[in-house]
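Here is the structure we will look at.
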Amino acid sequence: MTTQTSGVDNLDLFVNAQLQFKQALHWIDGIKEGIIDYLITPKRTIHVRFPVNMDDGSIRTFHGFRVLHNRVRGPGKGGIRYHPDVTSAEVTALAAFMTWKTAVVDLPFGGGKGGIVCNPKELSRSELRRITRRFVAELGDAIGPHTDIPAPDVYTNAQTMAWIYDTYDTMHPGQNNRAVVTGKPLELGGSVGRDEATARGSWYATEELLKLGVVPGLDSLDGATVAVQGYGNAGSIAARLFHDSGAKIIAVSDSRGGICNDDGLDPREVLLHKEQTGSVVGFPGSREISNSDLLVYQCDILIPAALECQITFANASGVKAKLIVEDANGPVTAKADKVLQDKGVIVLPDIVANAGGVVVSYFEWVQNLENQSWDLEKVETRLKKKMDLAVDQTVEKYRALLEKHKGGFNGSQAEPTLRDAALVGAIERIATVVLQRDIWP
Ligand code: NAD
């Protein structure tokens, strides 16, 4: 049992990422202090400020950044978000998650993330295009197919990626530059299956986890009840895939609120309703609930697929699910993790659960470098293989850590979690490569 059941929660994603990392380190012996320092801090953060001509004739200065967290296993990989509140600390945490995630699914990448402080809802398409092009020009050779490879994130999309590619290609003529960015439109070298990849990956991972008997009282999706927070790309597709596997979707939400029906909601019909009305709220035959109610709704599986730091010390004790599948990045705080562990709630951590997105981004990168175009069956088969293996290895590590714990390793240390196991696997993989490459000079 754990001991940390009181205290004030910290809702800073960067602080939580560091707490998770330090927690996992308890399970690793023999790692040099200097290597820990190297792995916990970003390798490089580039800040750029640049002027852009606005449609009304004014000139505005924008602030953008790109964090390359680690690249010992390969080029940096991670999205670029456009948001008025994006900070370099948040992006640093997300870049670190990418380093661990690419290691967990064993991709030849490191971790990166970027952002521009702006409100896309208040910008025209041509303003967004000018902002994107100038940002890429400012980054220069800090991004590249073998350096650091951006992708879409919050409020950036395939069109943004097309502008990034086009700008980079103009700056580097006469070579195949498609692999500089993933999440591109299909016609420009994007991969089939990328849209569904995150949700599909989390579905494969959940099925594999249940098969391995890690979640007490839940061994298959058939008949399992599911609540989903967030009904965008990750949440709505996960709801459909889980439903099609026999699970009953009984509650979902978006930024405007939540709905429930214990007899089951049809995820396709709910999506149609959201497309027509702008929200899941008001879906015929459903009852309205708040987003906070949704997180503590009576269900077998809870899928947070919206924002970070949603399950906190304040509400974790109310969670009734047996399993939480983290489709979002960082939806559970470090303190909430402890409360959930004490309650016996299993958490399939983000760096495993939502890794399907970066796996198919990797497939896109490979196709671009080889001038190939895979079909959907090949993408999905390979994605399943990657996700199943990541879950198998994480569970194997988890069981090994449990044995270590029983054997009295590290004294009063609490039992390990799946998050600890996934992070330990990732850290060991990265540390091994650091030592193999050796410290230069
Ligand atoms: P999205 O923008 O498509 O959807 C987000 C959804 O969350 C929307 O339905 C929105 O209404 C809802 N939402 C916003 N605030 C909310 C709130 N307070 N309560 C409930 N719902 C709220 O985004 P997405 O691509 O589905 O990403 C969701 C999460 O998954 C993010 O944390 C993202 O980092 C993570 N993720 C996504 C991918 C991917 O490939 N899309 C990959 C890895 C991780």
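Sequence positions, counted from 1, serve as the residue numbers for this chain. In listed order, ligands and their atoms are each counted from 1.
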Check your understanding: Are any of the N or O atoms of Tyr231 closer than 3.5 Å to those of ligand 1?
Key -> yes
Could [X] and [Y] be called an ion pair, given the rule that one side-chain N must be under 4.0 Å from one carboxylate O?
X: Arg419; Y: Asp350; answer: yes
X: Arg134; Y: Glu138; answer: yes
X: Arg130; Y: Asp55; answer: yes
X: Arg73; Y: Asp106; answer: yes
X: Asp262; Y: Lys248; answer: no

I'd like to check which ligand 1 atoms, numbered from 1 as shown, lie under 4.0 Å from a non-hydrogen atom of [X].
X: Gln229; answer: 19 (N), 20 (C)
X: Asp327; answer: 30 (O), 35 (C), 36 (N), 44 (C)
X: Ser253; answer: 20 (C)
X: Asn291; answer: 17 (C), 19 (N), 20 (C)

How far is [atom] from the closest protein heavy atom, and which atom is that?
atom: atom 38 (C) of ligand 1; value: Thr198 OG1, 3.4 Å
atom: atom 31 (C) of ligand 1; value: Ala306 O, 3.3 Å
atom: atom 11 (O) of ligand 1; value: Ser255 N, 3.0 Å
atom: atom 18 (N) of ligand 1; value: Leu307 CD1, 3.5 Å
atom: atom 25 (O) of ligand 1; value: Asn233 CB, 3.7 Å
atom: atom 26 (O) of ligand 1; value: Ala234 N, 2.8 Å
atom: atom 4 (O) of ligand 1; value: Gly232 CA, 3.2 Å
atom: atom 21 (N) of ligand 1; value: Asp254 C, 3.2 Å

Check your understanding: With no hydrogens and no angle check, is any side-chain donor or acceptor of Lys386 less than 3.5 Å from a backbone partner on Val105?
Key ->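 A pair under 3.5 Å: yes.
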**Study point:** Spatial distance of atom CG (Leu376) from atom OG1 (Thr381) [nearest 0.5 Å]
**Key:**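 So the CG of Leu376 and the OG1 of Thr381 are separated by 8.5 Å.
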Review point. Touching ligand 1 at all, Arg194? Heavy atoms, strictly under 4.0 Å?
Key: yes
Review point. Mind checking whether Trp374 and Phe363 have parallel, tilted or perpendicular rings, split at 30° and 60°?
Key: tilted
Check your understanding: Is the His172 ring parallel, tilted or perpendicular to the Tyr168 ring (thresholds 30°, 60°)?
Key -> parallel
Review point. When you look for heavy atoms under 4.0 Å from ligand 1, do you find them on the side chain of Pro331, its backbone, both, or neither?
Key: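 For Pro331, no heavy atom sits under 4.0 Å from ligand 1.
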Point to revise | atom 2 (O) of ligand 1 touched by protein (heavy atom, under 4.0 Å) | key: no
Check your understanding: Do the non-hydrogen side-chain atoms of Ile164 and Ile143 ever get within less than 4.5 Å of each other?
Key -> yes
